[in-house]
Amino acid sequence: MKWRGKRQSGNIEDRRGMSNKGRVAIGGGAIGIIILLFQIFGGDTGRQLAPVLEQLNQQTQVQQTAESRKLTQEEKEIGQFVDVILTSTDEVWTKIFRKYELGVYQKPTLVLFSQSTQSACGGASAATGPFYCPADRKLYIDMDFFKKLRTDFGAKGGDFAVAYVIAHEVGHHVQTLLGTSQKVHKAQQNSRSEAEANRYSVALELQADFYSGLWAHYSKDYLEVNRGDIEEAMDAARAVGDDAIQKRMQGHIVPDSFTHGSSKQRMKWFMKGFQTGDLRQHDTFSEEL
Ligand SMILES: [Zn+2]
């Protein structure tokens, strides 16, 4: 893929190298923490501040050990790359929402962080892996995860593997905008067993893979995506399949406990989105439940 020189206008919130700010504020005592919170949350009321304050206190240890530093050239480039990908998802989904008369696409924000940070859905770290938080409509990504994808998950990696993951998280944002996530969570609460609740989770995840494939379909000419890139995405989808992870972690596979789908399912749905480019094919629920 060719991403250099392409449009960058995504909503990126770069929190990398921000640890010094947190350390000084925490060192400054309670008032410092409140000032920091006002900076982060734009002056919330005291009532809303209380629980956040607790979370931040638990984090003090992590933040105190972190060194503040300037971003390296490589990190700056990663920031530009992530911006190009997010911007391309903004453009693709704006078009799709218009085409299928789904209203105006509300663009998400992507938070880049190192080590750890807070989200409206709780704490985030490299161990959490990339995720989307519907409460603040932000994607959280620690680039160290992609090193893990290579070392721990045995994926080949590469820039298109990262793009696939970003587009998958944007897929969860789309599911929130369309109300799919909310419906699924309600169905999970009413489900009779954990296995049934897990199947809903799998269908939701596979749909996010389909949406990622859909993004790849619409941006392939613009980003000059080649066959090797698609293989990279497929390889990442394989590596994060539940069966591949379970096999590596515990040596055996328990399909009832799957929450994201098998390698085969994840590759299948990414490919379906990529090949068809048709939003109406997105019903993973009737096919996989
Ligand atoms: Zn997901």
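When a ligand or atom number is given, it counts from 1 through the structure's own listing order. Only this structure's heavy atoms are used, side chains among them; waters, hydrogens and symmetry mates stay out.
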Centroid-centroid distance, His173 to Tyr105, less than 6.0 Å: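 Centroid distance His173-Tyr105: below 6.0 Å, so yes.
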Pairs flagged by side-chain hydrogen bond (donor to acceptor under 3.5 Å, both in side chains) wherever residues 80-104 is involved - sequence neighbours left out: Arg7-Glu91, Asp83-Thr87, Ser88-Trp215, Tyr100-Asp278
Pairing of Glu232 and Arg227 as salt bridge, 4.0 angstrom limit: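 Looking at Arg227 together with Glu232, the answer is no, because their closest N to O distance does not fall below 4.0 Å.
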Pairs flagged by disulfide bond (SG atoms under 2.5 Å apart) wherever residues 92-182 is involved - sequence neighbours left out: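 Applying disulfide bond (SG atoms under 2.5 Å apart) to every pair that reaches into residues 92-182, excluding sequence neighbours, yields Cys121-Cys133.
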Distance-only side-chain donor-acceptor flag, Tyr140 / Asp136, under 3.5 Å: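 Side-chain D/A pair, Tyr140 to Asp136: present.
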Metal site the Zn ion (ligand 1), protein N/O/S atoms found under 2.8 Å: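 There are 3 of them.
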Contacts of type side-chain contact (heavy atoms from CB on, under 4.5 Å), residue His282, not counting sequence neighbours: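 Per chain and number, His282 pairs via side-chain contact (heavy atoms from CB on, under 4.5 Å) with Gln207, Phe210, Tyr211, Leu279.
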